[in-house]
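Heads up: the structure comes next, in structure tokens.
The analysis underlying the following values was restricted to heavy atoms, covering all of them including side chains, and did not include hydrogens, waters or symmetry mates. This structure is a prediction, so every number in the text was calculated from the model and none was measured. Atoms within each ligand, like the ligands themselves, are counted from 1 in listed order.
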Amino acid sequence: MVEVNTHVVMVSIGVVILITWAWKFLNDFWFKPKKLETFMRSQGFKGNPYRFLRGDFIEMIRMTQQAQSKPIKLDDYVVPSIAPFHYKMVQKYGKNCFFWYGPKLHLNITDPDMIKEIMHKHNIFQRPALSSLSKLTINGLVIKEGDEWMKHRKIINPAFGAEKLKNMIPLMYVSCLEVVKKWEELIQEEGFGEIDVWPDIEKLTADVISRTTFGSSYEEGKRIFQLQKEQFVLTHQSLWSNYIKGWRFLAPKMNKRLKEISRETDAIMRDLMLSREKRMENKEKCEDMLGILMESNLQEIQKNGDDVGSGLSSEDVMKECKLFYFAGQETTSNLISWTMIMLGLHLDWQERAREEITQVLGDNQPNLDALNHLKIVTCFVGFFIFAGLTSLLLLRIITCDYVGFCS
Ligand code: HEM
């Protein structure tokens, strides 16, 4: 009798768990998105009807793959190639539209006042939450919020001060010289030729970040870059994990590789930091980003009387250094490549830039003061940074996670 009762209780518990789970699943992936859709439509936003689980994701991937497989002409309008899905949505539904990353609703916001409000209310409009898988690649300052962001930012700030960056210019110059020398050798015979500059520019920016972040240990830094490159590709493929809980269990091979990469990168970073600590104990000056970051962290901890939590942990410092590659490498290589394309198209500006550089620098090595006198160069590089930033900001805004603040 007791055995039968136990059996009934077990089955009942199982059924309750199953029903609860099924209800939660249906609520998260059907009722909640549908409710949001109705709400958004009542607010005047338009978009595709929500489709179970996948939302607009498949269409997004298909359109992106299609656009990337086609070459573009240099004077083409580039937006349909860079963001084909978002471009089509704005064409179809107007600027106030929404779209579905899986079951999550994202809004396209173009009204400047609304954008301002979003930027000011960062406690409400927080950065989209990332899965543990994505956090293996994207971590540090860029995913922090509130007090934690302030703490990290305060400690990192000295690494980006003009005084410190000034000392890094000669390191950047060494990396640039290597590339220019290689290109000169390639066209040595005829004095002209066709060079695929992208791989070299990619290497150049990785080199600059390795040298400026890790100083003399930049070879180890370069290994981190190679690993992170693979990690970026895999993270991009695992984007689903940010939108559907449990997705990571469906791609075990990829997850395993991501974790392997993360372990190897962390091991290199740990060694670098240990050897840096020893050099700092011996009062050696370390003027690279890692050295500045560790020094600033130590000062913060000492200032607060070794309070637990006043500084960054070794793990945090590691994440911030990895972020320098993630945030600084592809952004700058794209900027340099695009600037070169534009200079190739607008030869008059190329000529003016050359004249200015010859006038300001002559045969001297660049330094901060001379760079500040490069008005024309600053003007168009600044313009392309602005263009890059604007598009990045737009992407950040249009992907603002509406679910987060609505629920
Ligand atoms: C053309 C080059 C670059 C562009 C267009 C660019 C763009 C951006 C944008 C739009 C953000 C804000 C991201 C967000 O809040 O979601 C950001 C943040 C950040 N970037 Fe860059 N970036 C560039 C170069 C670099 C470089 C070279 C580094 C460092 C080596 C770097 C380090 C960072 C860091 C640490 C953050 C987080 C800042 C914070 O949250 O306080 N970036 N960048």
Check your understanding: Strictly by modelled atom types, are Ser337 and Asn334 linked by a side-chain donor-acceptor pair under 3.5 Å?
Key -> no

Point to revise | Of the listed options Trp149, Trp338, Phe324, closest to atom 30 (C) of ligand 1 (non-hydrogen atoms) | key: Phe324

Exercise for review: Have a look at ligand 1 and work out which part of Arg127, if any, has a heavy atom under 4.0 Å from it: side chain, backbone, both or neither.
Suggested key: side chain

Exercise for review: Could you tell me whether Arg153 approaches ligand 1 through its side chain, its backbone, both or neither, with non-hydrogen atoms closer than 4.0 Å?
Suggested key: side chain

Practice item. Inspect the contact between Arg211 and Asp288 and indicate whether a charged nitrogen and a carboxylate oxygen are less than 4.0 angstrom apart. Key: no

Check your understanding: Counting only N and O atoms by type, is there a donor-acceptor contact under 3.5 Å from the side chain of Glu300 to the main-chain atoms of Ile155?
Key -> no

Review point. Quick one: are the ring centres of Trp23 and Phe31 less than 6.0 Å apart?
Key: yes

Point to revise | Distance-only N or O hit between ligand 1 and Thr332, under 3.5 Å | key: no

Study note, to complete from the structure: Closest to atom 42 (N) of ligand 1 (heavy atoms only, candidates Ala327, Ala159, Cys321) is Ala327

Exercise for review: Verify the distance criterion only: is there a donor paired with an acceptor across the side chains of Gln65 and Arg62 at less than 3.5 Å?
Suggested key: no

Check your understanding: Take atom CD in Glu185; do more than 12 heavy atoms of anything else shown fall under 6.0 Å from it?
Key -> yes

Revision key, fill the gap. Note: ligand 1 atoms sitting under 4.0 Å from heavy atoms of Phe160 are 29 (C)

Exercise for review: Could you see which bit of Leu323 sits under 4.0 Å from ligand 1, with heavy atoms only: side chain, backbone, both or neither?
Suggested key: side chain

